[in-house]
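Below is one structure; the comments refer to it alone.
Quick note on labels: first sequence line is chain A, next is B, and so on, each numbered from 1.
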Amino acid sequence: MANTETPVPFSQLERKWQKRWEETGLFRASEIPSSSKKFYCLVMFPYPSGKAHMGHLRNYTIGDVLSRYRKMTGYEVLQPIGWDAFGLPAENAAIKNKVEPETWTRQNIAAMRSSFKSWGIGYDWSREIATCDPDYYRWNQWFFIQFYKKGLAYRKKSPVNFCPGCQTVLANEQVTPQQTCWRCDSQVVFKDLEQWFIKITAYSEGLLQDHAHLAQGWPEQVLTMQKNWIGRSEGAEIEFDIADSEPLTAAAPEGKKPSLTVFTTRPDTLYGATFLVLAPEHPLAVSIAVPEKKAEVENFIRDSRRLTPLQRRTEAAGGSKKGVFTGFYAIHPLTSEKIPIWISNYVLMEYGTGAIMAVPAHDQRDFDFAKMHHLPIRQVIGKAGAPPQELREAFEEPGILMNSGNFDGHSSENAKHKIVQHLEKIEKAKPVIRYRLKDWLISRQRAWGTPIPMVTCESCGLQPVSEKDLPILLPKGAQYTGQGESPLKKVVEFVRTTCPRCGGTAERETDTMDTFVDSSWYYARYLDPHNAEKPFSFEKAQAWLPVDQYIGGIEHACGHLIYSRFFHKAMKDLNLAKGPEPFARLLSQGMVTLGGSAMSKSKGNVVDPKEIIDQYGADTARLFILFAAPPEQSLEWSEEGVEGAWRFLNRVWRLMEQILNNSPQESSHSRDLLCKLHQAIQEISRDMTRFGFNTAIAELHKLVNTLYAYPSLGDATSRQTLRSLTLLLAPFAPHLAEEIWEKLENRRSVFLETWPTPDPQYLVQEEIEMAVQINGKVRTHIKIPAAASEEEVQKKVLALEKVRDWASGHPIRKVVVVPHRLVNVVTGNSKGSEQ
RNA sequence: GGGCAGGUGGCGGAAUGGCAUACGCGUACGGCUCAGGACCGUAUGGUCGCAAGACCGUGAGGGUUCAAGUCCCUCCCUGCCCACCA
């Protein structure tokens with residue numbers, strides 16, 4: 001043992017290996033893998049905000065460990081990286097620092113690229129992409145045009161946040177919680193603009209159904225969140241005629257009675273419908289008021305439309321549901337009763353038909369509203385056998401029908417179908433399936449994004465740009481002031497163009513695309529990043545897809561992960577991809593915290609990865625991060641923990657020095673050592689397939705501790721063990737492992753070697769220790785040959801003095817033998833403890 | 001209000017229904033040292049006990065079982081996501 005300890009020169013050693021990996025192209029992946037044993041590992045690409053943070057280090061380390069492990073187990077591995085480079089922060093920087101968004105972004109990319117390289121992540125850098133490259137975003141435009149041609153892209157009016165002070169559109173994150181502008185404190189208002197949507201709802205059912213392919217590989221939590229987000233519900237649309245009223249009859253289409261259609265998931269409660277409610281935005285809301293109510297209704301609608309969604313939600317929540325009676329009545333389709341029509345802000349225009357039948361007895365929201373406005377409550381569902389009593393709140397469970405004409409006595413489930421069937425016959429209803437999922441609004445009134453490739457021609461109207469004119473480049477020299485219209489609108493050469501159809505003068509669309517478009521298909525571009533003809537070649541994509549392991553934050557469960565799944569399905573329909581899903585397995589990693597909360601500038605609890613890397617090296621940082629918590633959980637940063645990881649790596653290094661410097665006789669304990677080694681191989685290999693990196697590292701610790709206790713370090717067995725240890729350590733601490741491997745073998749990269757497999761002969765033990773319980777409490781232990789039969793074990797245990805003492809006076813009722821683990825002796829009065 | 005995840009030593013965490021607290025951090029003591037905050041070793045859930053050992057212990061309370069951190073029921077707390085979706 002060397003007394004004066006020189007710590008391992010990590011930084012020098014890490015630079016050496018990073019350079020060598022790059023020079024030898026160790027992580028360069030083939031264009032088409034030569035067999036089906038391929039592993040495409042992808043971690044969600046970063047936004048180049050300027051500085052790499054701990055969260056990045058954690059995510060990319062997790063991906064790297066998996067990739068390196070797979071490489072050593074014989075897979076062809078692809079691990080690419082790129083930059084989600086469009087977005088608002090670059091525009092903000094442009095306003096603040098008078099620097100072009102592109103310049104700012106490129107600088108950040110350069111800084112982060114060099115950070116990632118210093119972490120030793122095994123990327124195939126030849127495939128690096130940035131979404132702000134025209135080579136990349138031209139394909140966003142190309143996809144948009146394909147979608148437009150297929151009717152998957154359309155335009156409609158939709159509100160945006162608008163600051164009257166700055167005369168500019170604000171993103172949600174630029175609006176303060178008090179609904180004011182982040183720059184000038186003006187009250188933010190809504191403004192309707194023509195905006196582009198992608199018809200993601202055309203794929204609602206597929207997005208839901210194909211969860212079946214993901215049940216094995218995705219966390220259940222994410223699937224549940226998506227399922228709720230898509231929100232499929234089965235129900236019926238029911239038509240209510242509007243009671244005779246001259247103004248409406250006059251306005252209705254010829255020969256048709258005016259009517260209102262509502263959506264319900266509870267047709268079984270139809271007899272309990274005592275009024276109808278329209279959303280304030282409902283097209284009939286204004287026209288349906290009787291003359292004497294007109295002013296009141298108009299006021300109400302104006303007031304509620306003025307509110308922001310948040311304010312409206314808060315106001316309408318709980319028991320304070322505001323509403324106004326229109327003076328009109330609808331005819332109940334089964335009872336022909338006249339029921340009043342109201343307007344209220346608790347009904348949403350975006351869902352269903354924007355109108356509901358209110359069943360106060362069986363829906364709490366309707367109940368609240370009925371109580372407040374003194375509307376009738378009629379119970380039509382009850383528990384089997386229970387007499388109806390006055391309801392103090394809505395009875396929302398299914399039950400047995402009452403007060404429901406011919407349907408009395410049916411169960412809710414039955415009645416749902418029977419009632420809809422009956423209504424279908426008289427043409428008053430049809431069964432429908434509704435989804436909560438909404439179409440994807442992709443228009444952004446921003447200048448640092450992909451220009452939407454559409455023009456408006458004076459004579460031909462809206463026209464898509466011709467594909468041969470792609471990309472539509474972002475103009476240089478736009479002025480960023482944070483005020484007024486989008487900077488692109490003020491670049492005349494950009495806006496003024498010609499019509500692709502008639503050649504006449506036309507005006508270019510100046511909205512850009514949501515950056516989620518960029519990130520919806522980047523995983524496929526990595527497979528053919530330099531293709532100038534197509535977004536990517538079908539053959540190359542087909543060979544590498546799906547992504548075998550995708551890693552990223554849970555916050556993307558209902559955004560990015562749904563958009564990408566949609567894009568994949570749409571690309572499949574364009575014959576660009578095959579297979580139902582883009583990401584076979586998903587890992588949602590936890591965040592990095594300090595003092596219990598996420599690291600953030602505003603909290604001032606940020607630890608810069610660079611400081612840690614400079615002080616301890618990348619291997620130490622990686623090891624700590626992987627050891628401190630399982631990847632799905634949040635990770636509490638600890639400087640002491642980092643030092644622990646650093647100490648461990650130094651310990652491994654010294655172990656190597658001792659083993660290389662000594663050559664004693666073979667020890668008589670060598671079988672023990674090999675048993676420990678092969679147990680470790682087995683455990684670590686198992687841990688790698690279930691993301692148990694923390695327990696895998698614990699096994700490495702144990703193995704190192706065992707080696708330290710080994711009496712003849714340097715003999716053949718200890719060398720062999722060190723050799724395997726180095727392989728097992730390699731995915732976690734790749735630089736150190738390479739260095740040790742070089743000293744041991746001096747041959748080739750440790751990552752070209754084969755991951756060790758456990759040898760069964762060292763996994764069997766001749767003698768094992770079993771716990772001996774009396775009535776479920778461990779009282780002693782017994783050593784027993786592993787091959788002993790249950791009878792033999794039982795006999796030996798019952799012969800133990802301790803067992804006889806504890807059991808004395810009571811008959812032995814039962815003996816449970818769990819092979820290789822424990823024996824439980826149950827005595828006569830075993831229930832409870834009998835002392 | 002709904003959905004999901006979680007609650008285990010002083011701390012991070014471990015545990016296919018089968019010996020709770022592996023591994024690490026911290027702490028204490030010892031060794032090595034001119035010295036060390038380096039390194040090596042030992043101990044370390046609580047209470048009682050010189051000890052052997054006993055009893056108690058996985059958010060609270062019940063249940064199933066020979067056996068429960070783990071399964072079931074009721075409840076409390078924390079975090080994340082969604083939120084009047086008819």
Side-chain angles (χ1 to χ4, degrees), chain A residues 1-7 219-225 227-229 231 233 235 262-266 269 277 312-313 315-318 321 344-348 350-359 362-366 368-369 434-438 554-555 557-558 588 590-591 593 596-597 624 627-630 632-645 647-648 650-651 654 692 694-702 705 708-709 769-781 813-827 830-831 833 835:
Chain A
M1 171 69 46
N3 271 343
T4 44
E5 305 297 338
T6 340
E220 203 183 309
Q221 187 191 2
V222 175
L223 294 179
T224 310
M225 283 166 77
K227 193 176 160 221
N228 294 340
W229 188 258
S233 52
V262 304
F263 174 68
T264 179
T265 54
R266 293 291 304 274
T269 64
V277 191
R312 183 163 156 188
R313 213 151 52 214
E315 193 181 285
K321 292 176 166 54
S344 171
N345 54 11
Y346 84 94
V347 174
L348 307 174
E350 311 88 79
Y351 188 76
T353 59
I356 62 155
M357 63 175 207
V359 185
H362 304 292
D363 182 292
Q364 191 59 42
R365 296 157 297 184
D366 299 344
D368 294 341
F369 191 80
R434 285 271 174 189
Y435 300 89
R436 222 191 68 138
L437 188 69
K438 287 184 211 135
I554 188 79
E555 68 274 17
C558 295
S588 304
M591 60 189 178
T593 64
S597 51
F624 165 71
F627 181 58
E632 301 90 337
Q633 279 178 37
S634 65
L635 180 156
E636 173 70 13
W637 189 261
S638 149
E639 186 87 19
E640 291 80 14
V642 175
E643 275 179 37
R647 275 204 291 268
F648 172 72
N650 276 286
R651 229 163 114 79
R654 288 193 300 272
N694 54 336
T695 50
I697 292 168
E699 287 297 323
L700 290 172
H701 283 153
K702 280 196 224 170
N705 290 344
Y708 262 84
E769 196 181 63
M770 292 175 77
V772 177
Q773 295 182 331
I774 317 287
N775 296 328
K777 283 190 186 202
V778 178
R779 294 300 177 187
T780 184
H781 290 85
R813 211 174 59 173
K814 190 174 179 183
V815 180
V816 181
V817 179
V818 183
H820 292 200
R821 283 186 186 272
L822 59 70
V823 180
N824 189 9
V825 179
V826 186
T827 64
S830 70
K831 268 287 177 193
S833 86
Q835 290 85 50

Go through B:G13, B:C66, B:C82 for me and flag the one nearest to the A:Trp229 side chain. B:C82
Between A:Asp363 (side chain only) and A:Asp366 (backbone N and O only), is there a donor and an acceptor less than 3.5 Å apart? yes
Mutual orientation of the aromatic rings belonging to A:Phe369 and A:Tyr346 [parallel < 30°, tilted 30-60°, perpendicular > 60°]: tilted
Donor-acceptor pair, distance only, cut-off 3.5 Å: does the side chain of A:Asn694 make one with the backbone of A:Ala628? no
Within this structure, what is the CE-to-P distance between A:Met770 and B:C66, rounded to whole angstrom? 19 Å
Identify the nucleotide, in any strand shown, that forms a Watson-Crick or G-U wobble pair with B:U58, with both distances under 3.5 Å; if there is none, say none. none
When you measure from the side chain of A:Asn775 to the backbone N and O of A:Thr827, does any donor-acceptor pair fall under 3.5 Å? yes
Between B:C40 and B:C56, how many Å separate the two C1' atoms, rounded to a whole number? 36 Å
Both distances below 3.5 Å, Watson-Crick or wobble geometry, any strand: find the nucleotide opposite B:U78. B:A5
Could you check how far CZ of A:Arg813 sits from P of B:C66, rounded to whole Å? 7 Å
Closest approach to the side chain of A:Gln773, judged atom by atom: which nucleotide of B:G18, B:A83, B:C39 is it? B:G18
Nearest-nucleotide comparison on RNA chain B, the residue closer to the 5′ end among A:Gly641 and A:Pro630: A:Pro630
If the P atom of B:A83 is compared with that of B:U78, how far apart are they to the nearest Å? 22 Å
Please report the interatomic distance OH(A:Tyr435) to OG(A:Ser233), rounded to the nearest 0.5 Å. 9.5 Å
A:Tyr351 OH to B:C82 P, in whole Å, measures 18 Å
If you take all heavy atoms of A:Val277 and A:Ala358, which pair is closest and at what distance? CG2-CB, 4.2 Å
Identity of whatever pairs with B:A83 - Watson-Crick or G-U, under 3.5 angstrom: none
Within the structure provided, determine whether A:Ile356 and A:Phe263 are in side-chain contact (heavy-atom separation under 4.5 Å). no
Checking all strands, does A:Glu555 fall into the base, sugar-phosphate, or nothing category for heavy-atom contacts under 4.0 angstrom? nothing
Summarise how protein sits on nucleotides 3-11 of chain B as a single string, 5' to 3': B when a protein heavy atom is under 4.0 Å from the base, S for sugar-phosphate-only contact, - for no contact. SS-------
Side-chain touch A:Phe648/A:Phe627, heavy atoms, less than 4.5 angstrom: no
Select base, sugar-phosphate, or nothing to describe what A:Glu640 touches, counting heavy atoms under 4.0 Å on all strands. sugar-phosphate
Can you check B:G9 for me, syn or anti if syn means within 90° of 0? syn
Of the listed B:G24, B:G41, B:A86, the closest approach to the A:Arg651 side chain comes from B:G41
Both distances under 3.5 Å, Watson-Crick or G-U wobble: report the partner of B:C48, or none. B:G53
I need the OH-P distance between A:Tyr708 and B:C23, as an integer number of Å. 17 Å
Tell me the interatomic distance from A:Glu632, atom CD, to B:C81, atom P, rounded to whole angstroms. 18 Å
In the strands shown, is B:U33 matched to any nucleotide by a Watson-Crick or G-U wobble pair with both distances under 3.5 Å, and which? none
In the structure shown, which nucleotide is the Watson-Crick or G-U wobble counterpart of B:A28, with both distances under 3.5 Å? B:U42
If I pick the P atom on B:G3 and the same atom on B:U65, what distance separates them, to the nearest angstrom? 30 Å
Could you please spell out the steps behind the side chain to side chain donor-acceptor pair (under 3.5 Å) verdict for A:Asn705 and A:Arg651? CA-CA 9 Å; A:Asn705 290 344; A:Arg651 229 163 114 79; 2.6 Å; yes
Look at the side-chain N and O atoms of A:Arg821 and state whether any lies under 4.0 Å from the OP1 or OP2 oxygen of B:U16. no
Measure from CD on A:Glu643 to C1' on B:C23 and round the result to the nearest Å. 18 Å
When you compare B:G62 with B:G53, how far apart are their P atoms, in angstrom units rounded to a whole number? 31 Å
Just the rounded figure in Å: distance from C1' of B:A15 to CG of A:Leu822. 14 Å
Taking B:A67 as the reference, what is the distance to B:G17 when you measure between their C1' atoms (whole Å, please)? 8 Å
Considering every strand and a 4.0 Å limit on heavy-atom distances, what is the contact class for A:Lys702: base, sugar-phosphate, or nothing? sugar-phosphate
The side chain of A:Thr695 lies closest to which of these nucleotides: B:A14, B:G24, B:G18? B:A14
Please state how far atom NZ in A:Lys777 lies from atom P in B:A68, giving the value in whole angstrom units. 10 Å
Checking N1-N3 plus N6-O4 or O6-N4 for Watson-Crick, or N1-O2 and O6-N3 for wobble, each under 3.5 Å, the partner of B:G18 is B:C66
When the C1' atoms of B:A14 and B:G45 are considered, how many whole Å apart are they? 15 Å
Touch check for A:Asn705, heavy atoms < 4.0 angstrom, all strands: base, sugar-phosphate only, or nothing? sugar-phosphate
B:G53 OP1/OP2 closer than 4.0 Å to side-chain N/O of A:Arg779: no
Of the options B:G13, B:A86, B:G26, whose atoms approach the side-chain atoms of A:Asn694 most closely? B:G13
Name the nucleic acid region contacted by A:Arg434, choosing base, sugar-phosphate or nothing; use a 4.0 angstrom heavy-atom cut-off, strictly under. nothing
Distance between C1' atoms of B:U44 and B:C25 (Å, rounded): 13 Å
Closer than 4.0 Å, any side-chain N/O of A:Arg647 to the OP1 or OP2 of B:C40? no
What distance, rounded to whole Å, do you find between the two C1' atoms, one in B:U21 and one in B:C11? 13 Å
Any side-chain N or O of A:Asn824 below 4.0 angstrom from OP1/OP2 of B:U65? no
So do A:Ile554 and A:Met591 actually touch side chain to side chain, heavy atoms under 4.5 Å? no
Of A:Ile554 and A:Gly231, the one whose closest nucleotide on RNA chain B sits nearer the 5' end is A:Ile554
Taking it one step at a time, do A:Val823 and A:Met770 satisfy side-chain contact (heavy atoms from CB on, under 4.5 Å)? CA-CA 7 Å; A:Val823 180; A:Met770 292 175 77; 3.7 Å; yes
